[in-house]
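Shown next, in structure tokens, is the structure this report addresses.
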Amino acid sequence: MLGAAVPSSAAPDRNDVKESRMTQVIPAPVSVEPDRHGGAFRLESDAAIHADHGARGVGEYLAHVLRPSTGYRLPVTDRKGDISLELGKVGSRLGDEGYELMASGRGVEIKARTARGLFAGVQTLRQLLPAQVESRSVQRGPWTVPAGKIVDYPRFAHRGAMLDVARHFFSPDEVKRYIDQIALYKINTLHLHLADDQGWRIEIKSWPRLATYGGSTEVGGGPGGYYTQDQYRDIVRYAAERQITIIPEIDMPGHTNAALASYAELNCDGVAPPLYTGIEVGFSSLCIDKEITYRFLGDVLRELAALTPGEYLHLGGDEAHATTEPDYVKFFQRVLPMAEALGKKVSGWHDLLKATPSVSAVPQYWGTTPQNDLVAEAVARGNKVVMSPANKAYMDMKYDENTPLGLSWAGFIEVDVAYGWDPGNYLQGVPESAVLGVQAPLWSETLENSDHIEFMAFPRLPAYAELGWSPWSTHDWESFRTRLAAQAPRWTELGIDFYRSPQIPWPE
Ligand code: TNX
């Protein structure tokens with residue numbers, strides 16, 4: 001019975017409510033001009049979505065978001081539509097990811113240079129509609145969009161999330177669910193930490209035991225798992241449909257117990273260690289002086305590169321406490337050219353800078369202080385940096401001492417701490433022009449399922465998304481906490497289990 005699913009006393013959709021939707025968007029747009037005369041576009045049951053040639057995929061995505069809650073057919077057409085996705089006709093300052101959104105009584109027009117820009121505009125449009133639009137069952141509406149104009153483009157090119165699928169394995173569906181969630185906030189890269197001491201999660205056809213044995217457990221001794229190459233390609237494709245690039249990481253030369261356990265010959269003493277299900281770090285190392293180490297990595301990187309349309313392979317490089325520094329340098333001086341010979345740029349934890357990679361390599365800063373000589377020197381040479389300072393950006397850190405999940409080695413990270421730093425002006429010697437972007441890692445020693453992921457990522461993820469996207473001139477804690485509160489009904493519709501931070505004025 002339809003009536004049962006519909007709230008019995010739908011709140012009147014007053015003008016001020018609709019207008020506030022326009023000023024509550026996360027990440028904050030570059031410019032928002034609500035129409036001075038008020039007014040709104042109202043999506044009706046016979047509406048169509050126009051998509052230019054080249055924007056069809058974005059049109060279908062929008063229809064797929066809107067159909068379940070509206071119950072409308074919403075055909076995607078190259079003829080006239082009430083919501084219109086247009087390619088080409090915008091100012092150059094919008095770049096590849098920017099868009100313009102115009103809403104009036106007659107319709108909604110989103111214009112951009114590329115499908116990526118239109119996709120970003122579509123995420124904004126979702127937030128301009130009532131929260132019930134995110135429901136998976138038919139709701140009553142009315143489906144209004146406040147009239148006005150938004151012009152928007154990102155501050156940083158790289159806006160990322162990382163998911164550690166090694167400590168605990170997450171199924172392809174769990175990864176896709178997270179992809180859908182990060183797409184809401186215009187995140188454009190998902191870094192997958194695919195191998196660590198506790199598990200190897202990607203099928204490598206030339207070294208099959210990596211996945212079948214090395215992937216057979218996880219922290220706590222559960223069954224673990226791995227992605228077949230077909231499943232992985234499907235994840236990459238699913239992400240690409242949401243304008244998200246996957247960056248695969250194989251951590252090395254430390255964090256490699258799962259590989260060492262799978263192939264005895266990779267060990268210096270030829271003896272395979274047992275699988276590991278604890279959460280210590282820094283005890284494993286590939287054997288730097290054995291040729292087979294490089295044959296192994298050549299095969300792994302070749303297969304991984306073939307699965308990766310994106311430009312980066314992430315080679316880890318952190319916490320190699322069981323590798324001497326000269327060995328570490330020797331190791332990466334052999335491995336870095338292997339990745340580059342595959343036509344890929346290298347990304348790695350900033351420790352990698354000890355091996356002086358080329359200027360195209362992107363170190364990811366995970367330190368806890370605003371000063372790091374290795375990174376400042378690399379920037380002086382010309383490297384660009386991704387910012388993930390652990391005491392600000394690690395979503396596996398507890399919110400406070402009572403948080404049931406997570407770790408606390410880098411401190412507690414409440415929402416104000418997550419939001420309260422400027423990635424373009426944080427590290428000494430790393431000016432904004434040297435910052436490629438922001439990435440929020442989610443390590444999974446304590447996280448076992450989507451509920452756990454969501455509890456740690458929400459509400460912090462939108463804070464990092466705003467730091468990566470919005471102009472610093474919009475940065476304002478009071479505004480942010482109010483806008484964040486307004487997201488909660490959307491998360492509830494989407495079934496996102498979020499942390500009710502006491503810092504945020506959540507509705508009711
Ligand atoms: C440090 S950050 C690590 C990871 C852990 C994480 C837990 C980094 C590059 N290495 O191995 O999972 O802390 O917060």
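Counting starts at 1 for both ligands and their atoms, following the listed order. Note: hydrogens, waters and symmetry copies are ignored here, and every other heavy atom, side chains too, is used.
Between the side chains of Q487 and Q127, at least one donor N or O lies within less than 3.5 Å of an accepting N or O.
Shown here is E280, whose CD atom has no more than 12 heavy atoms of other residues, nucleotides or ligands within 6.0 Å.
Counting all heavy atoms, side chain and backbone alike, P363 lies closest to H350 at CB-CA, 4.0 Å.
We find the CD1-OH distance between I413 and Y399 to be 10.0 Å, quoted to the nearest 0.5 Å.
With Y419 as the aromatic partner, R481 does not meet the cation-pi criteria of under 6.0 angstrom to the ring centre and within 45 degrees of the ring axis. Cation-pi geometry between K354 and Y328 is met: under 6.0 angstrom from the ring centre, within 45 degrees of the axis.
Close contacts of ligand 1 with D396, meaning ligand atoms under 4.0 Å from a residue heavy atom, involve 7 (C), 14 (O). Close approach of ligand 1 to H255 (heavy-atom distance below 4.0 Å) involves ligand atoms 11 (O). Ligand-side atoms of ligand 1 in range of M397: 14 (O), range being under 4.0 angstrom from any heavy atom. Listed by number with element, the atoms of ligand 1 under 4.0 Å from a non-hydrogen atom of L407 are 7 (C), 14 (O).
Inclusion of R167 in the set of residues having an N or O under 3.5 Å from an N or O of ligand 1 is warranted. In terms of N/O distances under 3.5 Å, ligand 1 is not approached by Y394. The shortest N or O to N or O distance between W349 and ligand 1 is not below 3.5 Å. Checked against a 3.5 angstrom limit, the closest N/O atoms of D164 and ligand 1 fall outside it. No N or O atom of W366 sits closer than 3.5 Å to an N or O atom of ligand 1.
Closest heavy-atom approach to atom 5 (C) of ligand 1 within the set M395, E445, H193, E280: this belongs to E445.
Comment: K330 does not engage E325 in a salt bridge, judged by the lack of any side-chain N to carboxylate O separation of less than 4.0 angstrom. One finds a salt bridge joining R126 and E134 here, because a Lys/Arg side-chain nitrogen approaches an Asp/Glu carboxylate oxygen to under 4.0 Å. Salt-bridge annotation for E291 and R334: present, with a side-chain N of the basic residue lying under 4.0 Å from a carboxylate O of the acidic one.
Protein heavy atom nearest atom 9 (C) of ligand 1, with residue, atom name and distance: D318 OD2, 3.1 Å. In this structure, the protein non-hydrogen atom closest to atom 3 (C) of ligand 1 is E319 OE1, 3.3 Å.
Residue contact check for ligand 1: Q364 places no non-hydrogen atom closer than 4.0 Å to it.
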